[in-house]
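Predicted model, so just to flag it, every value in this text is computed and none were measured.
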Amino acid sequence: LNVPIVFSFADGSTQRHVVNFTQQQQRFKFALPHLPTQVAVDPEFDVLRIPDQAELPAALAALFNDELKVVVIAKEANPELQAAWQQWAQHLKAQDARTVIQDDTQAIPASGTVIMLGGKNAAHEYFLTHIQQPNRLTDVSFTLSDAHYLCAEHSLAVAVRVDDGRTFMLLDALDTKSWQTLLRKLPHYGKYSYVTFHAQTGNNLAKGQWPIQQSPLLLPYPPKAIP
């Protein structure tokens, strides 16, 4: 079995090797230019295998799975948008009676995929700590892939995985028109962790996946760990 191994170094460079496994356990030696900072085993999924859950970034596809959904609606929003959110949440509940609908003053339940509606959602504290830097999110703007966006001009969908393994999502739009556009487009972006659109034109401006940081096949390798 040929398995790729990628060493990363402090200067940003990498070195790729392919090792051939003929036994369950084998020892290999590598000639490296200097000490690595990280070792990744099969980082691009070249080997046919079932990936560990930790190797899969949070994805917007969680919006469409059959897990329990908790919809958290921001109370601080214009009435038309709140009504549109309520209508969509009721649509989810009609499809799955387990769906929980609540406002952002209520405690987040301990189970289920959490979908927060509205950029000024008081439940942000559950969410913001898991936005991976340098990406940032506030109630007036957000930064994705080094580009800065104003909530007043863009719609947004972001998915993160929190400490207990659940997916938390934030959906935000300027008005009912951009909200409907966001809902229409989201099924086509399910594999991404985040996506943003221009509120007026509906054009996609950014999309991406969070880098994997907790994979059991991604090993930090600090020099102090070397005997």
Side-chain angles (χ1 to χ4, degrees), residues 56-65 67 69-95 99 101 103-104 112-162 166-212:
L56 304 175
L60 297 170
L63 192 63
F64 310 106
N65 63 26
E67 294 182 5
K69 305 291 192 307
V70 179
V71 182
V72 183
I73 299 175
K75 296 188 71 173
E76 189 176 343
N78 72 67
E80 286 187 358
L81 197 50
Q82 278 196 334
W85 290 337
Q86 283 283 357
Q87 183 180 24
W88 179 74
Q90 291 297 337
H91 174 70
L92 290 185
K93 193 171 183 66
Q95 294 179 318
T99 302
I101 303 173
D103 65 46
D104 58 349
T113 296
V114 178
I115 306 168
M116 293 178 287
L117 303 181
K120 295 184 178 181
N121 201 299
H124 271 173
E125 292 304 317
Y126 293 88
F127 186 87
L128 296 180
T129 56
H130 294 86
I131 291 288
Q132 296 187 16
Q133 297 296 326
N135 304 293
R136 297 185 301 278
L137 177 67
T138 71
D139 59 358
V140 296
S141 66
F142 52 94
T143 301
L144 296 171
S145 301
D146 298 322
H148 190 66
Y149 305 94
L150 295 176
C151 296
E153 298 177 0
H154 305 88
S155 56
L156 169 73
V158 181
V160 298
R161 187 169 291 119
V162 297
R166 290 188 294 162
T167 297
F168 275 46
M169 303 179 65
L170 173 67
L171 307 182
D172 189 31
L174 174 63
D175 50 29
T176 56
K177 179 183 176 181
S178 57
W179 168 247
Q180 292 302 324
T181 300
L182 180 64
L183 291 182
R184 187 175 69 252
K185 288 178 174 285
L186 277 180
H188 304 288
Y189 293 85
K191 71 177 183 180
Y192 295 104
S193 303
Y194 59 85
V195 62
T196 185
F197 302 96
H198 191 282
Q200 300 302 325
T201 66
N203 292 337
N204 174 240
L205 300 176
K207 59 182 182 291
Q209 295 175 315
W210 304 128
I212 300 302

Check [X] against [Y] and note the closest heavy-atom contact, atom names and distance.
X	Y	answer
Ala89	Val71	CB-CG1, 3.9 Å
Ala62	Lys69	O-CE, 3.2 Å
Gln200	Lys177	O-NZ, 4.2 Å
Leu60	Tyr189	CD1-O, 3.8 Å
Ser178	Ala199	CB-O, 3.5 Å
Asp104	Val72	CA-CG1, 3.6 Å

Restricting to side chain to side chain contact (heavy atoms under 4.5 Å, CB included), what partner residues turn up for Gln87, sequence neighbours left out?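 Gln87 satisfies side chain to side chain contact (heavy atoms under 4.5 Å, CB included) with no residue once adjacent residues are dropped.
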Sequence-distant partners of Asn78, side chain to side chain donor-acceptor pair (under 3.5 Å), two or more places apart: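 Side chain to side chain donor-acceptor pair (under 3.5 Å) check on Asn78 returns nothing, list empty.
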Just checking Glu80: does its CD atom have more than 12 heavy atoms from other residues, nucleotides or ligands closer to it than 6.0 angstrom? no
Using the side-chain contact (heavy atoms from CB on, under 4.5 Å) rule, take Met169 and Leu63 through it: C-alpha gap first, then chi angles, then the decisive distance, then the call. CA-CA 8 Å; Met169 303 179 65; Leu63 192 63; 3.9 Å; yes
Look up atom [atom1] in [X] and atom [atom2] in [Y], then write down how far apart they are to the nearest 0.5 Å.
X	Y	atom1	atom2	answer
Phe168	Thr113	CZ	OG1	9.0 Å
His154	Leu174	NE2	CG	10.5 Å
Leu92	Phe64	CG	CZ	9.5 Å

Measure from the side-chain N and O atoms of [X] to the backbone N and O of [Y], and report whether any donor-acceptor pair falls under 3.5 Å.
X	Y	value
Thr196	Ser155	yes
Gln209	Lys191	yes
Ser193	Trp210	yes

Do Gln82 and Lys75 have side-chain heavy atoms sitting under 4.5 Å apart?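 Yes; the side chains approach each other to less than 4.5 Å.
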Any non-hydrogen side-chain atom of Leu183 less than 4.5 Å from a side-chain atom of Trp88?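 Leu183 vs Trp88: side chains touch.
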Assess whether side-chain contact (heavy atoms from CB on, under 4.5 Å) is satisfied between Gln86 and Ile101, documenting all intermediate values. CA-CA 8 Å; Gln86 283 283 357; Ile101 303 173; 4.1 Å; yes
Stepwise side-chain contact (heavy atoms from CB on, under 4.5 Å) check, Trp179 with Leu171: CA-CA 9 Å; Trp179 168 247; Leu171 307 182; 3.9 Å; yes
